[in-house]
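Some notes on the structure that comes next.
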Amino acid sequence: MTQDDMKKAAAEAALEFVPRGGVIGVGTGSTANHFIDCLATVKGRLDGAVASSVATAERLKRHGIPVMDLNEVGALALYVDGADEATPHRALIKGGGGALTREKIVAAASRSFVCIADEGKLVDVLGRFPLPIEVIPMARGFVAREIVALGGEPVLRQGFQTDNGNIILDVHGLKILDPVALEERLNNITGVVTNGLFARRGADILLLGTPQGVRRLP
Ligand code: 5RP
């Protein structure tokens, strides 16, 4: 079974959480893309979806799923998205695709967050995957120095601009033992839009594709 097969299996398993009626939030990335393709098979159940990126909005529309503005719909029953790393406590690193800020907004506005991933994303300690941080362009140097002072090694994601017009610093060398504290600390650096730690609002349910089937936590 390939990694992509495991992503697809996790995405299919998330369908059972999709409510009848209403609007759900949809994440970004290859696993979220599999979920969108699955969602298209039950699209009659939904009034529409809120997208966490331009790319996701385009894929939803291609499938004929109405894309809604978060400001028009209020709280969402469900958010489904992938992750770059996840702990058994369901704290996450996200933002490998650069959509972390909109993902964090939609996750925050959702009553339930189901995270879908292949089993290779499960770790005991977050930080092997470089932590993405979205930064206002003029603050790049200042934020990078603050991150170095915290023990990280920031690397500018070359040639990349977020959907919000900002840059991404990928921070290497962190061993994240207290994700909630680091998430808050990084977000307090002036010029940081947000960071890819989803710990204060982690996933409620983690669905991991494995060769033996889909594993659910908790
Ligand atoms: C995008 C993300 C993605 O969820 C994360 O990068 C995982 O991607 P994939 O499903 O392609 O492995 O946070 O910003």
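Start at 1 and go down the list; that is how both ligands and their atoms are numbered.
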Can you name the residues that form a salt bridge (Lys or Arg N to Asp or Glu O under 4.0 Å) with Arg200, not counting sequence neighbours?
-> Glu184
Got a salt bridge between [X] and [Y], using NZ or NE/NH1/NH2 to carboxylate O under 4.0 Å?
{"X": "Glu85", "Y": "Lys121", "value": "no"}
{"X": "Lys175", "Y": "Asp178", "value": "no"}
{"X": "Lys94", "Y": "Asp84", "value": "no"}
{"X": "Lys7", "Y": "Glu12", "value": "no"}

Shortest protein heavy-atom distance from [atom], along with the residue and atom involved:
{"atom": "atom 1 (C) of ligand 1", "answer": "Glu103 OE2, 3.1 Å"}
{"atom": "atom 3 (C) of ligand 1", "answer": "Thr28 O, 3.2 Å"}
{"atom": "atom 12 (O) of ligand 1", "answer": "Lys121 NZ, 2.8 Å"}
{"atom": "atom 4 (O) of ligand 1", "answer": "Lys94 NZ, 3.0 Å"}
{"atom": "atom 10 (O) of ligand 1", "answer": "Thr31 OG1, 2.6 Å"}

Give me the one residue out of Arg59, Lys8, Lys43 that meets salt bridge (Lys or Arg N to Asp or Glu O under 4.0 Å) with Asp37.
-> Arg59
Under-4.0 Å heavy-atom contact with ligand 1, by part of Asp118 that carries it | neither
At a non-hydrogen distance cut-off of under 4.0 Å, which region of Ser53 contacts ligand 1 (side chain, backbone, both, or neither)?
-> neither
For ligand 1, which atoms sit closer than 4.0 Å to a heavy atom of [X]?
{"X": "Gly98", "value": "14 (O)"}
{"X": "Asp84", "value": "5 (C), 6 (O), 7 (C), 13 (O)"}
{"X": "Asp81", "value": "4 (O)"}
{"X": "Gly95", "value": "2 (C), 13 (O), 14 (O)"}
{"X": "Gly96", "value": "6 (O), 13 (O), 14 (O)"}
{"X": "Lys7", "value": "9 (P), 11 (O), 12 (O)"}

Taking atom types as modelled and ignoring hydrogens, do the side chains of Glu134 and Asn164 form a donor-acceptor contact shorter than 3.5 angstrom?
-> yes
Options Gly27, Gly82, Ser30, ranked by nearest heavy atom to atom 9 (P) of ligand 1, top entry = Ser30
Among pairs that include at least one residue of residues 137-149, which meet side-chain hydrogen bond (donor to acceptor under 3.5 Å, both in side chains), considering only residues two or more places apart or in two chains?
-> none
Would you say Gly97 has any N or O atom under 3.5 Å from an N or O of ligand 1, going by distance alone?
-> yes
Taking distance alone, with no angle check, do Ala99 and ligand 1 share an N/O pair under 3.5 Å?
-> yes
What's the verdict on side-chain contact (heavy atoms from CB on, under 4.5 Å) for Leu126 and Thr87, showing C-alpha distance, side-chain angles and the deciding distance?
-> CA-CA 7 Å; Leu126 298 171; Thr87 69; 3.6 Å; yes
Just wondering, are more than 12 heavy atoms of other shown residues or ligands nearer than 6.0 Å to CZ in Arg185?
-> no
